[in-house]
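This report concerns only the one structure given below.
Chain identifiers are assigned alphabetically (A, B, ...) following the order of the sequence lines, protein sequences preceding nucleic acid strands; residue numbering begins at 1 within each chain.
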Amino acid sequence: MKIGVVDIGSGNLYNLIKCIKELEVNLSLVNDLSELKQSDALIIPGVGAYKSGIETLQKSNIVEGLKNFAFQKKPILGICLGMQLLLGKSYEFGVHEGLNLISGTVRPIKEQTGWPIPNIGWCNVKIRNNVEQPFNNISDDNSFYFIHSYYCDVDEENDIIGIIDYGNFQIPAIIQNENIMGCQFHPELSDNSGFQILNNFVKLIRN
Amino acid sequence: MLKKRIIPCLDVKDGYVVKGINFLKLKKISDPVEQAQIYQDQGADELCFLDISASNEKRSIMIDIVKKTADRCFMPLTVGGGIKDLEDIRNLLKAGADKISLNTFAVNNLNLVEKAAEKFGNQCIVVAIDVKKSANGNYTVFTHGGRNETKLEALSWAKTVEEHGAGEILLTSMDRDGTGKGFDIEITKKIADNVSIPVIASGGVGKLEHLVDGVIKGNASGVLAASIFHYGTFSICEAKKFMKESGVLVRL
């Protein structure tokens with residue numbers, strides 16, 4: 001059993017890798033197709049810009065591989081930018097095509113929220129009732145760490161598992177369509193609440 | 001809802017946590033990694049390391065400290081001090097830093113701030129602004145750990161760095177640093193109300209009321225303090241409880 005962390009080329013994978021190691025599961029950094037095929041579940045982490053993220057996936061030649069992985073119903077968890085890459089397209093500095101595993105568009109958070117942008121800090125995520133693993137046992141008074149200027153405008157209401165109130169605006173914080181999952185926040189930086197989600201995700205492939 | 005952040009700051013010199021008054025009179029007080037762990041256990045929302053080492057060799061110690069801290073802590077870590085180029089930023093991010101704070105670097109290389117924001121995302125680029133109020137009431141920006149005065153006026157500089165891709169401003173009043181007299185609310189509010197990126201208030205916290213003032217009167221998104229937490233005057237839990245009782249939304 002192995003979790004693949006997709007290398008999207010930028011920044012800090014240190015914290016995520018440390019968390020997964022604590023869960024005592026095998027881990028590999030995925031930057032080619034053969035590593036991807038050997039994984040039982042994938043995490044697409046997220047720091048950096050949309051364009052460079054998608055370009056790194058293209059250069060590693062794993063865009064189609066990721067889509068097949070999804071089609072085989074194996075679990076994929078996107079974190080922050082990784083979640084945004086799951087959608088169809090993004091308007092971050094131009095227009096860019098995403099993986100289109102969940103229907104929707106990445107857009108800038110509206111200035112009219114009256115709140116600072118980027119959204120940096122801890123927010124309570126309101127999780128809807130009767131959700132499935134790995135988001136089913138998160139406490140109501142949770143806090144997760146967010147750091148983003150763009151958000152996932154998801155087409156299907158059903159794919160939205162949790163939201164945050166940002167000013168007068170609601171931002172999807174957790175999305176899921178069967179085996180495809182995304183968190184706008186960083187579970188690896190979110191103390192106990194975040195660790196719980198990563199633990200749940202690992203359990204998906206342990207069961 | 002977005003909660004207000006409490007951010008303990010560790011000034012690190014040659015591998016030790018130090019604290020001064022008005023940016024001077026530095027005193028060694030503890031080991032940074034151990035101190036970071038204590039703050040994590042107390043529920044800090046983020047941690048900030050500012051490297052104030054004088055020489056470049058001593059600075060490489062910082063990478064090691066960041067790694068060791070990231071190994072132990074599950075919270076966001078901002079690192080600043082002495083950053084010269086994109087490579088320094090990359091190395092710190094790789095070591096486990098989540099945000100990089102730039103000060104002198106930003107004043108000297110505004111276009112590099114833009115490049116860094118493009119490369120690593122603007123959410124990870126914090127611009128630290130150290131200000132001093134002059135006799136005519138204007139606020140002037142200082143660099144090099146408060147040693148060099150610039151011609152920059154604080155608010156216009158804050159707007160400039162926002163335009164050039166900074167994702168957050170860490171605003172420190174040099175007049176208040178280490179004095180325990182509270183934040184300079186005037187400049188905090190002025191900047192927080194006139195930029196759209198988050199502003200973190202810093203410099204001068206001596207009482208828990210000051211933290212509340214920073215977010216309620218100063219409109220800061222977060223508050224940073226060093227001495228009151230270092231010397232154990234108050235724990236971060238106590239600070240958060242006090243803020244909650246004063247009507248501030250915090251993570252408990």
**Request:** Look at atom CG of N111(B) and say whether more than 12 heavy atoms of other residues, nucleotides or ligands are closer to it than 6.0 Å.
**Result:** yes
**Asked** Under the 3.5 angstrom rule, does the side chain of K18(A) hit a backbone N or O of A70(B) as a donor-acceptor pair?
**Response** yes
**Item:** Over 12 foreign heavy atoms within 6.0 Å of NZ, K241(B)
**Value:** no
**Heavy-atom pair count under 4.5 Å with chain A, highest-scoring of E46(B), Q40(B), R90(B)** = E46(B)
**Asked** chain A heavy atoms under 4.5 Å from K99(B): which part of the residue, side chain, backbone, both or neither?
**Response** side chain
**Message:** Restricting to non-hydrogen atoms, name the atom on G96(B) and the atom on N15(A) that form the minimum distance, rounded to 0.1 Å.
**Reply:** O-ND2, 3.5 Å
**Message:** Donor-acceptor pair, distance only, cut-off 3.5 Å: does the side chain of W122(A) make one with the backbone of D45(B)?
**Reply:** yes
**Message:** Donor-acceptor pair, distance only, cut-off 3.5 Å: does the side chain of K94(B) make one with the backbone of L13(A)?
**Reply:** no
**Prompt:** Once you round to the nearest 0.5 Å, how far does CD1 of I200(B) lie from CD1 of I120(A)?
**Reply:** 7.5 Å
**Atom CD of E55(A): over 12 foreign heavy atoms under 6.0 Å** = yes
**Prompt:** About how many Å separate NZ of K119(B) and OG of S52(A), when rounded to the nearest 0.5 Å?
**Reply:** 6.5 Å
**Asked** CD1/I164(A) to CG/L2(B) distance, rounded to the nearest 0.5 angstrom?
**Response** 7.5 Å
**Message:** Are S143(A) and K3(B) packed together at the side-chain level, in the sense that at least one heavy-atom pair is separated by less than 4.5 angstrom?
**Reply:** yes
**Request:** Below 4.5 Å from any heavy atom of chain B, which atoms of N192(A) appear? Answer side chain, backbone, both or neither.
**Result:** neither
**E162(B) versus chain A, the contacting section by heavy-atom distance below 4.5 Å** = neither
**Item:** Atom CD of E153(B): over 12 foreign heavy atoms under 6.0 Å
**Value:** yes
**Request:** Determine the sole option in D71(B), V66(B), D98(B) for which the side-chain contact (heavy atoms from CB on, under 4.5 Å) test with Y14(A) is passed.
**Result:** D71(B)
**Message:** Tell me if the CD atom of E97(A) is crowded by more than 12 foreign heavy atoms within 6.0 Å.
**Reply:** no
**Message:** Out of I17(A), D165(A), I117(A), return the one with the most heavy atom pairs under 4.5 angstrom to chain B.
**Reply:** I117(A)
**Asked** Hey, are the side chains of C19(A) and F74(B) touching, using non-hydrogen atoms and a 4.5 Å cut-off?
**Response** yes
**Asked** Got more than 12 heavy atoms from elsewhere within 6.0 Å of NZ, K67(A)?
**Response** yes
**Item:** Interface moiety of S196(B) toward chain A, non-hydrogen atoms closer than 4.5 Å
**Value:** both
**Asked** Got P198(B) and P118(A) here, is their nearest side-chain heavy-atom distance under 4.5 Å?
**Response** yes
**Item:** Any side-chain heavy-atom pair of P76(B) and I147(A) under 4.5 Å
**Value:** no
**Request:** State the CZ-OG distance between R251(B) and S193(A), to the nearest 0.5 angstrom.
**Result:** 8.0 Å
**Item:** Under 4.5 Å from any heavy atom of chain B - which part of E92(A)
**Value:** neither
**Which atoms of F93(A) approach chain B - backbone, side chain, both or neither, heavy atom under 4.5 Å** = neither
